[in-house]
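Whatever order the structure lists ligands and atoms in, that order sets their numbers, starting from 1.
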Amino acid sequence: MKKILILALAISIWSCNNTKKEESMNIKVEEMGALASGDSVKLYTLKNAAGMEVAIMNLGGTIVKWTAPDKDGVYADITLGSNNPEDYFDNTKYLGALIGRFGNRIAKGKFSIDGQEYTLAINNGPNALHGGLKGFNAVIWDVTPIEGAEPGLKLTYVSKDGEEGYPGTLNVEVVYLLKADNSLSITYTATTDKKTVVNLTNHAYFNLKGEGKGDILDHEISIKADKFLPTDEGLIPTGELKSVVGTPFDFLSSHVIGERINDTTDIDILRGGGYDHCWIFGDSSNTLKSVAFVLEPASGRTMEVFTTEPAVQFYTGNFLNGKATGKSGVRYDKRFGFCLETQHYPDAPNQAAFPSTILLPGETYKTTTVYKFGVKK
Ligand code: GLA
């Protein structure tokens, strides 16, 4: 009897260990080396049962690699990135990174809360862009793996009161979860100890043919938005919410990205150098809804975007200029990737008619965005 008990105990310990081992096989951790600052950069690769892999660095919470199957089941890496962590300090591209404290532009790098003016670093023409000189894309996040069949990562970062000019200590948490249905959900939460502004997003560039496989002009996209925000020359919204109907910004039904991107008769296309604008969804209910769908016809890869956010910056990589070399050694030329940066409206801290981006002490900022991959045969 005693022997049987011992044997049963041994088997149960072994099977526990074995389950644990299997689960942790869904998250691989690798060292990417040390930065000039001395910080060590770690890469966490999540893998689901279907075989999709998403690799994320503690530096910037950056998505470095993301594989998706084509119509024949062949996987390709569909996101732009670099193998060298130091490359991610190039603050002109923000490849794959988390963006904060405020995604997109704030005019002249200034805003006021309750009569107190705050001044941010100017890093984009006369304006402030994507959180400043050292935004959330350039800081080291604390990472906790979330083991399981649907693996994930919890990233946390404490942004100090006054960091990059923003008021209040901001406690930020970002959870990436890779689901069995080939979707990645990103949930952003934040709290503050002083009234501040927050607008968090991710700046992944996609090319559904595969990273480094040319431009994205042949992708087809639809966006469930009947309005967009025209801008001035510095890409600051003018305040107008313009109907997309009859313009190159109408993606209510699907269009090839390249079809109208060089329409030099359209002032907004000219100012953006292509698409680099904020689309406003008809549904601003703050619930998770499908907002965009992309198809790359040759591979059959599709990507659907769901978000709780009221808007998306659709950016077609107009500033990629061949200077950055990607993971497979190919240089990223103009329009080699596109971004769908779900967010609140740019310059909201200065535009009272836009939905507020103010966060108060005691409140919790929470948004979710899901990128789901599929195939069309
Ligand atoms: C955002 C902006 C673009 C550009 C990229 C980074 O998408 O809207 O204008 O600055 O980031 O290159």
Side-chain angles (χ1 to χ4, degrees), residues 60-63 79-82 87-109 120-138 164 186 199-207 215-216 221 223 225 228-238 249 257 261 268-280 291-292 294 305 307 309 311-326 331-351 354 357 369 371:
T62 303
I63 299 173
T79 196
L80 273 50
S82 168
D87 287 352
Y88 286 92
F89 289 101
D90 170 358
N91 253 3
T92 60
K93 303 187 177 58
Y94 303 90
L95 298 179
L98 292 177
I99 303 293
R101 185 177 299 200
F102 200 95
N104 219 317
R105 293 171 177 79
I106 294 182
K108 311 270 188 283
L120 311 170
I122 302 300
N123 62 342
N124 187 255
N127 304 314
L129 176 70
H130 291 338
L133 296 173
K134 192 174 181 192
F136 292 177
N137 60 296
E164 296 294 318
I186 315 177
N199 195 19
L200 306 176
T201 192
N202 177 284
H203 210 293
Y205 289 73
F206 299 99
N207 185 327
D215 65 46
I216 46 75
I221 183 168
I223 306 175
F228 75 103
L229 300 180
T231 69
D232 66 12
E233 294 79 5
L235 295 182
I236 297 291
T238 58
F249 295 81
I257 294 178
I261 198 170
D268 295 304
I269 285 280
L270 284 174
R271 287 190 172 156
Y275 297 114
D276 191 356
H277 299 78
C278 202
W279 269 253
I280 309 302
V291 294
V294 186
V305 183
T307 190
E309 288 278 25
V312 67
Q313 184 84 4
F314 173 44
Y315 168 60
T316 44
N318 311 312
F319 295 120
L320 295 175
N321 54 9
K323 283 196 184 140
T325 301
R331 280 195 286 196
Y332 292 148
D333 277 323
K334 188 170 176 176
R335 298 179 179 154
F336 265 39
F338 69 90
C339 305
L340 286 164
E341 306 157 50
T342 53
Q343 58 191 250
H344 269 59
Y345 305 6
D347 199 35
N350 292 310
Q351 307 216 19
F354 288 176
T357 48
T369 294
Y371 297 93

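- At least one side-chain heavy atom of Asn124 sits less than 4.5 Å from a side-chain heavy atom of Arg105.
- Residue His203 has at least one nitrogen or oxygen atom sitting less than 3.5 Å from a nitrogen or oxygen atom of ligand 1, judged on distance alone.
- At least one heavy atom of Tyr205 lies less than 4.0 angstrom from ligand 1.
- From the protein, the heavy atom lying nearest to atom 4 (C) of ligand 1 is Phe319 CD1, 3.7 Å.
- Looking only at heavy atoms of the protein, atom 1 (C) of ligand 1 is closest to His130 NE2, 3.2 Å.
- Between Phe338 and Tyr275, the distance from one ring center to the other does not fall under 6.0 angstrom.
- Taking a cut-off of under 4.0 Å to the non-hydrogen atoms of Leu129, the atoms of ligand 1 that pass are 10 (O).
- Aromatic ring pairs are classed by plane angle as parallel below 30°, tilted from 30° to 60° and perpendicular above 60°; the pair Trp279 and Phe249 is tilted.
- The shortest contact between atom 3 (C) of ligand 1 and any protein heavy atom is with Asp276 OD2, 3.1 Å.
- With rounding to the nearest 0.5 Å, the separation of NE2 in His344 from OG1 in Thr357 is 7.0 Å.
- Screening Val294, Asn202, Val291 for a side chain to side chain contact (heavy atoms under 4.5 Å, CB included) involving Leu340 leaves a single residue, Val294.
- The only member of Thr201, Thr342, Val312 that meets side chain to side chain contact (heavy atoms under 4.5 Å, CB included) when paired with Thr369 is Thr342.
- Residue Tyr94 has at least one heavy-atom neighbour below 4.0 Å for each of these atoms of ligand 1: 6 (C).
- Inclusion of Thr92 in the set of residues having an N or O under 3.5 Å from an N or O of ligand 1 is warranted.
- Under the 30°/60° scheme for interplanar angles, the aromatic rings of Phe206 and Tyr371 are found to be tilted.
- Of the options Glu341, Gln313, Lys93, the smallest heavy-atom separation from atom 7 (O) of ligand 1 is shown by Glu341.
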